[in-house]
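Naming: A, B, ... by sequence-line order, numbering from 1 per chain.
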There are 2 protein chains.
Amino acid sequence: MFHALADSTRRDIVALVLQGEHSVSDLARRYPMSFAAVQKHVAVLERAGLVSKHRQGREQRVRGEAGTVREAHRLLDQIEAVWRGRLGRIEDLVTSPRSPDTKGDSS
Amino acid sequence: MFHALADSTRRDIVALVLQGEHSVSDLARRYPMSFAAVQKHVAVLERAGLVSKHRQGREQRVRGEAGTVREAHRLLDQIEAVWRGRLGRIEDLVTSPRSPDTKGDSS
DNA sequence: CATTCCTACAACCATCAGGTTGTACGTTAG
DNA sequence: CTAACGTACAACCTGATGGTTGTAGGAATG
């Protein structure tokens, strides 16, 4: 999911469709890239549950899934925790009372 | 810098050399990959300032730079802030009242 | 019905990161 | 000196990504 939001174009798309539905081509027109590229971005967002599509005539309207976005916010806390855990463990080593200079490396 | 710490092998290396110096080949022996691969990881860490090397005879001893690791921890707060900013902006859209029919969504 | 619009999808290209080999070179041990 | 070790670096492979083009098909319209 964060992978999905890691791309600025995708974040922009989410922001857009959260304000109102847009068809895929509507979205495609707004970016300096091909229709197919935007389509792929939407697909990624859809897989992540951040947006949903529903056909309406020959258009496919894209809508932002507010709930999932909020969930992302919550998930951020977890991701953050993971990083703090990693750095924390490393920092512990820095400060741990480990005997400083083990010349004869246990090998 | 977070790029440097985004790889688990590199995090492990940092943790190791923070506990005591190790030559590059010492490190290489500990991982199921080629010497050159480990060498590259060390190079990435060195470029990020997370470790430093100093020659001692024919060996190149690698040492962890505790200060930079701490800095990383601080930087984490900033990265976190960026994400919160992104998600925050997006969430605002979710809760903000639909733009009062500004007809041409003249972006 | 034929055309046009919107969409889906496959194939292909470039870039980047992590890995592997192979080679070159300085240093230390014999 | 020579051999072996430790290191540096270049070239190449692979998988993931973001992008492009090209093609095919469903839906509205004239």
Side-chain angles (χ1 to χ4, degrees), chain A residues 1-17 20-65 72 79 83 86 102-107, chain B residues 1-17 20-64 72 79 83 86 105:
Chain A
M1 173 144 74
F2 270 93
H3 160 71
L5 288 174
D7 182 272
S8 67
T9 299
R10 287 199 286 268
R11 281 194 300 275
D12 199 67
I13 290 177
V14 170
L16 269 171
V17 300
E21 298 189 346
H22 294 264
S23 72
V24 179
S25 25
D26 272 350
L27 293 172
R29 264 177 237 115
R30 305 179 83 111
Y31 303 95
M33 64 182 82
S34 69
F35 172 86
V38 172
Q39 201 177 269
K40 279 191 190 174
H41 281 309
V42 171
V44 170
L45 291 171
E46 190 180 18
R47 246 176 277 130
L50 289 162
V51 307
S52 63
K53 288 187 297 190
H54 58 286
R55 192 176 256 97
Q56 185 172 312
R58 61 186 170 188
E59 285 187 344
Q60 191 81 271
R61 316 228 63 179
V62 182
R63 179 195 324 176
E65 292 294 325
I79 301 281
W83 272 99
R86 288 173 177 167
T102 15
K103 285 211 173 133
D105 245 36
S106 57
S107 51
Chain B
M1 171 143 75
F2 270 93
H3 160 70
L5 288 174
D7 183 272
S8 67
T9 300
R10 287 198 286 269
R11 281 195 300 275
D12 199 66
I13 291 178
V14 169
L16 269 171
V17 299
E21 298 189 348
H22 293 265
S23 71
V24 179
S25 25
D26 273 350
L27 294 171
R29 264 177 235 117
R30 307 178 82 112
Y31 303 95
M33 63 181 83
S34 69
F35 172 86
V38 172
Q39 201 177 270
K40 279 190 190 176
H41 281 308
V42 171
V44 169
L45 290 172
E46 191 180 17
R47 247 176 276 129
L50 289 161
V51 308
S52 62
K53 289 188 296 190
H54 59 285
R55 191 176 252 97
Q56 186 172 313
R58 61 186 170 187
E59 285 188 345
Q60 191 81 273
R61 316 227 62 176
V62 183
R63 177 194 325 176
I79 302 281
W83 274 99
R86 288 172 177 168
D105 62 296

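In this structure, A:Lys40 NZ and A:Ser34 OG are separated by 8.0 Å, a value rounded to the nearest 0.5 Å. Between the OG1 atom in B:Thr9 and the NE2 atom in B:His41 there is a gap of 4.5 Å [rounded to 0.5 Å].
B:Arg10 has no side-chain polar atom (N or O) that falls below the 4.0 Å cut-off from OP1 or OP2 of C:dA17. Between B:Lys53 and the phosphate of D:dA8, there is a side-chain N or O to OP1/OP2 separation shorter than 4.0 Å.
Distance B:His41 NE2 to C:dG18 P: 6 Å, rounded to the nearest Å. For B:Glu59 and D:dA4, the CD to P distance is 19 Å, given to the nearest whole Å. Distance B:His3 NE2 to C:dC16 C1': 9 Å, rounded to the nearest Å. Atom CG of B:Leu27 and atom P of D:dA8 are 12 Å apart (whole Å). Computed from coordinates, the A:Arg47 CZ to C:dC9 C1' distance equals 12 Å when rounded to whole Å. Counting to the nearest Å, the P atom of C:dC6 and the CD atom of A:Gln39 are 13 Å from each other. Per the geometry, CD1 belonging to A:Ile13 stands 12 Å off C1' belonging to D:dG18, to the nearest Å. For A:Gln56 and D:dA28, the CD to P distance is 10 Å, given to the nearest whole Å.
Of all the heavy atoms in A:Val38 and A:Met33, the pair that sits closest is CG2-CG, 3.8 Å. For the pair B:Ala28 and B:Phe35, the tightest heavy-atom approach, listed with the atom from each and the gap, is CB-CD1, 3.7 Å.
You'll find that the side chain of A:Arg58 is closest to D:dA27, out of D:dG6, D:dA27, C:dG18. Listed nucleotides D:dG18, D:dA4, D:dT7 differ in distance to B:Arg55; the shortest reach to its side chain belongs to D:dT7. Proximity note for A:Ser25 (side chain, C-beta onward) versus D:dT7, C:dC6, C:dA8: the nearest is C:dC6.
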Grab the N/O contacts between the protein and nucleotides 20-23 of chain C below 3.5 Å, and write none if there aren't any.
{"from": "C:dT20", "atom 1": "OP2", "to": "B:Ser34", "atom 2": "N", "distance (Å)": "2.6"}
{"from": "C:dT20", "atom 1": "OP2", "to": "B:Ser34", "atom 2": "OG", "distance (Å)": "3.0"}
{"from": "C:dT20", "atom 1": "O4", "to": "B:Lys40", "atom 2": "NZ", "distance (Å)": "3.3"}

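In this structure, the side chains of A:Asp26 and A:Val62 stay at 4.5 Å or more apart for every pair of heavy atoms.
Residue A:Arg61 is out of contact with every strand shown, counting any heavy-atom pair closer than 4.0 Å.
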Name every donor-acceptor pair, under 3.5 Å, that has one atom in a side chain of residues 47-57 of chain A and the other anywhere in the protein, sequence neighbours excluded.
{"from": "A:Ser52", "atom 1": "OG", "to": "A:Glu65", "atom 2": "OE2", "distance (Å)": "2.8"}
{"from": "A:Lys53", "atom 1": "NZ", "to": "A:Glu46", "atom 2": "OE1", "distance (Å)": "3.4"}
{"from": "A:His54", "atom 1": "ND1", "to": "A:Arg63", "atom 2": "NH2", "distance (Å)": "3.3"}
{"from": "A:His54", "atom 1": "NE2", "to": "A:Glu21", "atom 2": "OE2", "distance (Å)": "3.4"}

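Both B:Gln60 and A:Gly57 lie near DNA chain D, and the one whose nearest nucleotide falls closer to the 5' end is B:Gln60.
Overall, the helix from C:dC1-D:dG30 to C:dG30-D:dC1 carries an axis bend of 10° between its ends, with five pairs at each end and the value rounded to 10°.
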- Task: Would you sort out whether A:Leu5 and B:Arg86 count as a side chain to side chain contact (heavy atoms under 4.5 Å, CB included), showing the intermediate values?
- Result: CA-CA 9 Å; A:Leu5 288 174; B:Arg86 288 172 177 168; over 6 Å; no
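Between the side chain of B:Arg10 and the main chain of B:His3, a donor-acceptor pair closer than 3.5 Å is present.
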